Amino acid sequence: MQLAASLDRLGTESAFEVLARAQALMAKGQDVINLGIGQPDFPTPEHVVEAAAKALRDGHHGYTPANGIRPLREAVARDVHAHRGVEVDPDAVVIVPGGKVTMAFAIMMFGEPGAEILYPDPGFPIYRSLIEYTGAKAVPIRLPEASGFSFVAEEVLAQITPQTRLLIVNSPANPTGGVVPQRELDILVDGLRRHPQVAVLSDEIYARMVYDGERHASLLAYPEIRDRLILLDGWSKTYAMTGWRIGYGIWPKALVDHATRLAINTHSCVNAATQYAAIAALDGPQTAAGNMMVAFDRRRLRVLDLLNDLPGFRCVRPKGAFYAFPNIEGTGLPARELQDRLLAETGVALIAGTSFGIHGEGFIRVSYAASMERIEEAIARIRTWLETR
Ligand code: PLP
């Protein structure tokens, strides 16, 4: 067999690899606490599950339009208006099987040899993987700990060259829990006037997970860049629906047909029952999603205190998502070694910062998508290990 060379450039998400190792240890009877996973530990709200079951009973068994059923795209437009204060044409919405697919489509539309794409580092590892897969040059945007893991807009603008085609922004962010302040977005958008060739992918999959009474600042709310802004969001995190595989993109007019054509060429459509469930999630009671956020917020503050109390650890206050990203340089161990030894020797699964890019060295990702008791137990195990090793 002669495989395409591009396959060698495809990276991966090591969270899945750590998950597999954690599961292997569990199968051997070890009590593993998994703080490595990037998904809520809550069930999908009951009324959402019921809507999917009803859709199947009602006979929604066939293909749907590739861009998604109209009532769902209308529900997305209403939701975006409610939470971001922006009017969206339902025909600009393309429903896809998970947030990742909007990401893949955007990167495929702009990436090719000779092109440059800017992406956050530390950041979701799939950005770099897909950029390199297309043959484009992946240019990391540094997210400094000192600025709460937000980018510095002037630094981002200084990295733009005539070859830059796409800029990826993720706020609130994986793996850091960082949120980009509104004023940095203002500076960024203002500076982008000088670079009209640069499109923007705003990954706002954690938009509803913002704490400390802050309101999510969306790049969709800037009319200046609306004609080149791709918004990525979905149901995975907000409604604990990671396994359903559904998300959406809001595309500028010039790109929406390309996105739909990519959908037709790849997955045809998201399964019909899940689309009905997604309507119920947006239009139905928000109690379960709200309760989940209250739980995440309580855990966030507890995790922050506990991590800052560990020898060799220091952690900036995460402002969004459900991750903390402590600096572990004081332990004297590289991130990967700390990850591997904590899993093998204490049964606690965390993800090395280096899994999220070169600027992730010296950090480790702690997902607080686990019960308070398990989080406390995990950090107690880490403390004992650090004190006795
Ligand atoms: N974007 C970011 C920043 C994420 O962390 C994730 C999932 O972890 C996704 C996108 C993908 O979400 P989905 O599971 O809906 O594909």
Side-chain angles (χ1 to χ4, degrees), residues 11-19 34-42 44 48 68 72 76 93-107 119-131 140-141 143 149-151 166-180 200-210 216 218-219 230-250 259 263 266-267 270-271 274-275 277-278 281-282 289 296 318-325 351 353 355-357 360 365-369:
T12 188
E13 219 186 315
S14 30
F16 283 101
E17 193 199 306
V18 173
L19 180 65
N34 191 353
L35 305 185
I37 193 83
Q39 67 180 348
D41 55 315
F42 294 85
T44 303
V48 176
L72 176 56
V76 168
V93 179
V94 179
I95 306 296
V96 281
K100 258 183 187 166
V101 180
T102 299
M103 188 185 301
F105 285 3
I107 293 170
Y119 70 100
D121 182 341
F124 190 52
I126 301 305
Y127 303 137
R128 177 176 165 195
S129 164
L130 283 173
I131 296 166
I141 298 169
L143 304 180
F149 299 109
S150 163
F151 58 69
L166 180 68
L167 159 66
I168 302 176
V169 175
N170 173 219
S171 176
N174 177 10
T176 62
V179 167
V180 179
V200 181
L201 169 65
S202 188
D203 181 344
E204 300 184 12
I205 196 95
Y206 298 101
R208 295 281 286 281
M209 301 179 162
V210 180
H216 169 62
S218 174
L219 276 172
I230 302 154
L231 179 98
L232 180 164
D233 200 347
W235 289 259
S236 295
K237 316 288 174 172
T238 314
Y239 298 102
M241 290 177 70
T242 50
W244 294 69
R245 306 315 300 143
I246 185 161
Y248 65 83
I250 297 177
T266 51
H267 57 265
V270 171
N271 77 79
T274 291
Q275 294 191 51
L282 296 181
F296 278 147
K319 297 208 163 98
F322 43 76
Y323 309 108
F325 202 58
I351 312 283
S355 302
F356 304 96
R365 189 185 78 174
V366 180
S367 158
Y368 44 89

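Atoms within each ligand, like the ligands themselves, are counted from 1 in listed order. These values consider heavy atoms only, across backbone and side chains, with no hydrogens, waters or symmetry-generated copies. Quantities reported herein were computed from a predicted structural model and do not represent experimental measurements.
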*Sequence neighbours left out, what passes side chain to side chain contact (heavy atoms under 4.5 Å, CB included) with Thr238? Give chain and number order.*
Arg208

*Kindly write out the residues that satisfy side chain to side chain contact (heavy atoms under 4.5 Å, CB included) with Ser202, not counting sequence neighbours, or none if the list is empty.*
Glu204, Leu219, Leu229

*For Lys237, check side chain to side chain contact (heavy atoms under 4.5 Å, CB included) against everything at least two apart and list the hits.*
Ile205, Tyr206, Met209, Phe322, Tyr323

*To the nearest 0.5 Å, tell me how far Ile351 CD1 sits from Leu35 CG.*
10.0 Å

_Pocket residues of ligand 1, ordered first by chain and then by residue number (heavy-atom cut-off under 4.0 Å)_ = Gly98, Gly99, Lys100, Met103, Phe124, Tyr127, Asn170, Asn174, Asp203, Ile205, Tyr206, Ser236, Lys237, Arg245

*Classify the side-chain pair Asn271/Arg245 by whether it contains a donor and acceptor separated by less than 3.5 Å.*
no

*Report the distance from atom CD1 of Ile230 to atom CD1 of Ile107, rounding to the nearest 0.5 Å.*
9.5 Å

